[in-house]
Amino acid sequence: MISKKMETALNTQINAELYSAYLYLSMNSHFNSVNLQGFANWMRVQALEEMTHADKLYKYVADRGGRVVLDAIDKPPANWGSPLAVFDDVYKHELKVTSLIHALVDLAIEERDHASNTMLQWFVNEQVEEEANADALVQQLKLMGDNGYGILMLDRELAKRVFTPPVQAQE
Ligand code: FEO
């Protein structure tokens with residue numbers, strides 16, 4: 001059985017992951033509106049991944065005898081000035097999510113909740129990847145500056161990203 005405190009904290013994280021999906025869907029829509037379909041594809045895959053993050057936590061809370069209570073999801077921004085501005089926001093957002101995950105691990109340790117700690121280690125590792133991916137794109141976009149050809153080449157590259165459902169989602 002999960003503690004009330006951990007149940008509440010994980011519910012808050014479910015909301016944060018769903019907000020992440022919302023944010024990336026909004027970025028998908030923004031890129032569609034400026035005809036950068038590859039960037040839009042990257043964001044759509046990112047949004048789908050965020051939904052699997054929420055689902056992983058959702059299932060975990062239920063498996064531990066807790067109760068998932070869904071809250072309202074904040075409205076994300078809708079427009080950005082450039083691809084770099086978008087990815088700057090992605091990177092900042094992922095840093096914030098990392099700090100939320102780390103706070104959850106701290107709580108699990110404080111509560112001696114070994115099951116939650118173990119489950120959360122997946123997210124700790126995932127955040128290393130999330131930050132690295134976003135940072136790599138920020139750095140590439142900074143190098144390109146206003147080079148339209150470079151942006152179009154990167155757009156083609158990002159069009160190749162494919163969503164791979166996690167094993168748990170197939171159960
Ligand atoms: Fe669910 Fe992008 O972290």
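Just so you know, ligand 1 is whichever comes first in the structure, and atom 1 is the first atom listed for that ligand. If you read the sequence from its start, that first residue is 1, and numbering goes on from there.
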Asks: State the count of protein N/O/S atoms located less than 2.8 Å away from atom 2 (Fe) of ligand 1.
Replies: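 The number of such protein atoms is 4.
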
Asks: So how far is it from His53 NE2 to Gln127 CD, rounded to the nearest 0.5 Å?
Replies: 7.5 Å

Asks: Rest of the hydrophobic cluster containing Met1 (Ile/Leu/Val/Met/Phe/Trp/Tyr, side-chain heavy atoms under 4.5 Å)?
Replies: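 Its cluster partners, ordered by chain and number, are none at all.
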
Asks: Would you list the pairs meeting side chain to side chain donor-acceptor pair (under 3.5 Å) in which at least one residue belongs to residues 146-157, sequence neighbours left out?
Replies: Glu157-Lys160

Asks: Side-chain donor-acceptor contacts of residues 67-74 below 3.5 Å, not counting sequence neighbours, with atom names and distances?
Replies:
none

Asks: Return yes if some donor-acceptor pair links the side-chain N/O of Ser26 with the main-chain N/O of Tyr22 below 3.5 Å, else return no.
Replies: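 No.
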
Asks: Can Asp113 and Arg64 be counted as an ion pair, charged N to O under 4.0 angstrom?
Replies: yes

